[in-house]
Amino acid sequence: MSFPLLTATAALPALGAVATAAVPAARRTAAKWLALLVSVATLALAAIQLVRFEPGGDRYQLTESHAWIKDFGVRYELGVDGIGVALIGLTALLIPFIIAAGWHDADPLETNSSRWRPTQGFFALILAVEAMVVLSFEATDVFLFYILFEAMLIPMYFLIGGFGDRAAPSQYGAAAPGQGDEAAATQRSYAAVKFLLYNLVGGLIMLAAVIGLYVVAGSFSLSEIAAARASGSLHMATNTERLLFLGFFFAFAVKAPLWPLHTWLPNAMGEATAPVAVLITAVVDKVGTFAMLRFCLQLFPEASKWATPVIVVLAVISIIYGALLAVGQRDIKRLVAYASISHFGFIIMGIFAMTSQGQSGATLYMINHGISTAALMLVAGFLISRRGSRLISDYGGVQKVAPVLAGTFLIGGLATLSLPGLAPFVSEFLVLVGTFSRYPVAGVIATLGIVLAALYVLVLYQRTMTGPVKAEVQGMPDLKVRELLVVAPLIALLIFLGVYPKPLTDIVNPAVRQTMSDVQKKDPNPVVEAAK
């Protein structure tokens, strides 16, 4: 039997989470190093996956299949295509930076605390989320995927509600002693519950669709369902397929998040610590858009084409709506959250444009958005931890006292607005080209999102980094060595993939062609006007 690489890649952080949680309370530093070492080892396994994956080979590679719940036809089936292996690489890459950035975020306020392990719990929960996300990118059994899709909500709930941001907005700072902390804790609890309820509702609707799929297809296995479709032995009535598609898509649209199911994200990202905010939008939310490609388009191709016009409209609304609200934000982290809603609109629009350029761009956008958002949000977290406020108006002149912090913040912001030469530009360009070739009106309107992105990013930088140095910012230290080690590799990746995206496109393009084949779509022929 060959080495179960896919299982090992998910099992390592899961076992690391248990080991980290078991570290004695007095050994907080040891728990941090253990979590970091486990995440680095997981990254090494993800790198081996990338090396062993053959872009021109079978659709699903490194496969594993074992009987699990025989009476219900549930199997432990794993396999990765080009999209899945790339997103596993993104997840494994970001987790060590998330852990290093949050090195002191969960330290107890009482240094002599010996009964309660907040630090160990914080890092154990991060590793648990990584394990579930990696396994969800590998799962080719629909029921197994559903369990992971729901289970990852639990550790995320505790990360948001139990380990929220200690830097509260100014309205809490004006309260009487003790009331500010109480109000902030209430906001964190509200954000965590809202996150959980929204995603649970989506998951319950998906569960009904999962059961319906089994009743119709008699299997949860993607490979078996695909084989039955190809042989003609599986026929879904039109209305049945559409209902099942809507059940799956609704859950994925909540996770993504797509307007109007997005409202949990600004609360969750605003109240979470900056590393956890990155975990939400750069890692966990990618499961939603990935699942649209793997499950919606592959299982329900006709229903996907039927729903495409409406989904494209919703995606365009997300792009413009998220960007407009980002322009008006006073809170740095909520601004990044609304910007992410706009970016997810681009990703979903690219997926359902049903063109190879659009879907390639959407897949690249998932990866590049993860890197750019991580860079911007983590630097923003370093900035917020120094000043103790998330409000943009509490800053000014930072570039004069902390030029390295300001410079990395600028590069992260420029990547967010998709500046040419940085990685997200390639993704956004491909999405717009692919959309315009089939839905020109949607492509033109979506282009306004680029203009608005330039507005909210540059205004944010101007108000926080330029101008007179505020008294509260005067003694602000620049980035420390640990913080530079977190940010510098992300900046380097943004530049490298912006100049040379070929390593990623070589991996994802064969998977995109297979997805296009599933929905029986071909790229529109270019329209060339005859010379007069």
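Pairing each heavy atom of Ile88 with each of Ala46, the nearest pair is CG2-CB, 4.1 Å. Pro477 approaches Ala402 most closely through the heavy-atom pair O-CB, 4.0 Å. Residues Phe97 and Leu485 approach most closely at CE2-O, 3.8 Å, considering heavy atoms. Taking both residues in full, the closest heavy atoms of Ala339 and Ala326 are given as N-CB, 4.1 Å, listed atom of the first, atom of the second, then distance. When every heavy atom of Met465 is checked against every heavy atom of Ala406, the shortest pair comes out as SD-CB, 3.7 Å. In terms of heavy atoms, Ala282 sits closest to Leu94 at CB-CD1, 3.7 Å.
Residues Met152 and Ser136 form a side-chain contact, since some pair of their non-hydrogen atoms from C-beta on lies under 4.5 Å apart. For the pair Tyr321 and His262, the minimum side-chain heavy-atom distance is below 4.5 Å. Contact annotation: the side chain of Phe352 approaches that of Met354 to within less than 4.5 Å [non-hydrogen atoms, C-beta and beyond]. Inter-residue side-chain proximity for Trp103 and Trp33 is flagged as met; some heavy-atom pair is nearer than 4.5 Å. Considering only heavy atoms from C-beta on, Ile341 comes within 4.5 Å of Pro266 through its side chain. Side-chain contact between Val254 and Ile205 is absent, with no heavy-atom pair separated by less than 4.5 Å. By the 4.5 Å heavy-atom criterion applied to side chains, Phe425 and Asn368 are not counted as neighbours. The shortest side-chain heavy-atom distance between Val327 and Val459 does not fall under the 4.5 Å cut-off.
Going from atom CD of Glu150 over to atom OH of Tyr146 covers 4.0 Å, rounded to the nearest 0.5 Å. Considering CD of Gln298 and OG1 of Thr515, their distance stands at 7.0 Å, rounded to 0.5 Å. Rounded to the nearest 0.5 Å, atoms CZ (Phe137) and OG1 (Thr91) are 4.5 Å apart. To the nearest 0.5 Å, atom CD1 of residue Ile384 and atom OG1 of residue Thr464 are 10.5 Å apart. Rounded to the nearest 0.5 Å, atoms CG (Leu93) and CG (Leu87) are 12.0 Å apart. Rounded to the nearest 0.5 angstrom, Ser340 OG and Ile280 CD1 are separated by 10.0 Å.
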Show, in sequence, the C-alpha distance, side-chain angles and deciding distance for Tyr456 and Thr416, and conclude whether the side-chain hydrogen bond (donor to acceptor under 3.5 Å, both in side chains) test is met. CA-CA 10 Å; Tyr456 61 70; Thr416 298; over 6 Å; no

Which is it for Phe346 and His369 under the ring-ring contact (aromatic ring centres under 6.0 Å, His included) test, yes or no, and what are the steps along the way? CA-CA 11 Å; Phe346 277 107; His369 170 263; over 10 Å; no

Going through the checks in order, is the side chain to side chain contact (heavy atoms under 4.5 Å, CB included) test met by Val276 and Met377? CA-CA 10 Å; Val276 173; Met377 180 59 87; over 6 Å; no

Checking Val80 against Glu138 for the side chain to side chain contact (heavy atoms under 4.5 Å, CB included) test, could you report, in this order, the C-alpha distance in whole Å, the side-chain angles of both residues, the deciding distance, and whether it holds? CA-CA 5 Å; Val80 288; Glu138 298 172 344; 4.0 Å; yes

Check against side chain to side chain contact (heavy atoms under 4.5 Å, CB included), Thr363 and Asn509: CA-CA 9 Å; Thr363 305; Asn509 281 346; over 6 Å; no

Before you tell me yes or no, could you show the steps for Glu130 and Ser39 under side-chain hydrogen bond (donor to acceptor under 3.5 Å, both in side chains), namely the whole-Å CA-CA distance, both residues' side-chain angles and the distance that decides it to 0.1 Å? CA-CA 9 Å; Glu130 178 182 22; Ser39 67; 5.9 Å; no

Dump the intermediate steps for side chain to side chain contact (heavy atoms under 4.5 Å, CB included) on Leu293 and Gln359, then the final yes or no. CA-CA 9 Å; Leu293 282 165; Gln359 291 189 358; 4.1 Å; yes

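In summary, Glu271 and Lys194 do not engage in a salt bridge, as defined by a charged side-chain N under 4.0 Å from a carboxylate O.
Of the possible donor and acceptor atoms, one in the side chain of Arg482 sits under 3.5 Å from a partner among the backbone N and O of Ala100. For the pair Arg438 (side chain) and Gly434 (backbone), a donor-acceptor distance under 3.5 Å is absent. No donor-acceptor pair closer than 3.5 Å links the side chain of Lys255 to the backbone N or O of Gly203. The closest donor-acceptor contact from the side chain of Thr289 to the backbone of Lys286 lies under 3.5 Å. Although no hydrogens or angles enter the test, the distance criterion places no donor-acceptor pair under 3.5 Å between the side chain of Thr281 and the main chain of Ala277. Looking at Gln49, its side chain never comes within 3.5 Å of a backbone N or O of Leu45 through a donor-acceptor pair. A donor-acceptor pair under 3.5 Å links the side-chain atoms of Arg390 to the main chain of Gly270, judged by distance alone. The backbone N or O of Ile83 lies less than 3.5 Å from no partner atom in the side chain of Arg294, so there is not a single donor-acceptor pair.
At a cut-off of 3.5 Å, with distance as the only test, no side-chain donor of Ser437 or Gln357 sits close to an acceptor on the other residue.
Tyr461 OH: more than 12 foreign heavy atoms inside a 6.0 Å radius. The environment of CZ in Phe53 is crowded: more than 12 heavy-atom neighbours from other residues, nucleotides or ligands sit within 6.0 Å. Around CZ of Phe250, the count of heavy atoms belonging to other residues, nucleotides or ligands within 6.0 Å exceeds 12.
Each of Leu378, Val487, Leu490 was evaluated against Thr408; a single residue qualifies, Val487, per the side chain to side chain contact (heavy atoms under 4.5 Å, CB included) test. The only option from Leu376, Asp394, Leu460 that meets the side chain to side chain contact (heavy atoms under 4.5 Å, CB included) definition with Ile332 turns out to be Leu460. Residue Phe295 forms a ring pair (Phe, Tyr, Trp, His ring centres under 6.0 Å) with just one option from Phe149, Phe145, Phe249, and that option is Phe145.
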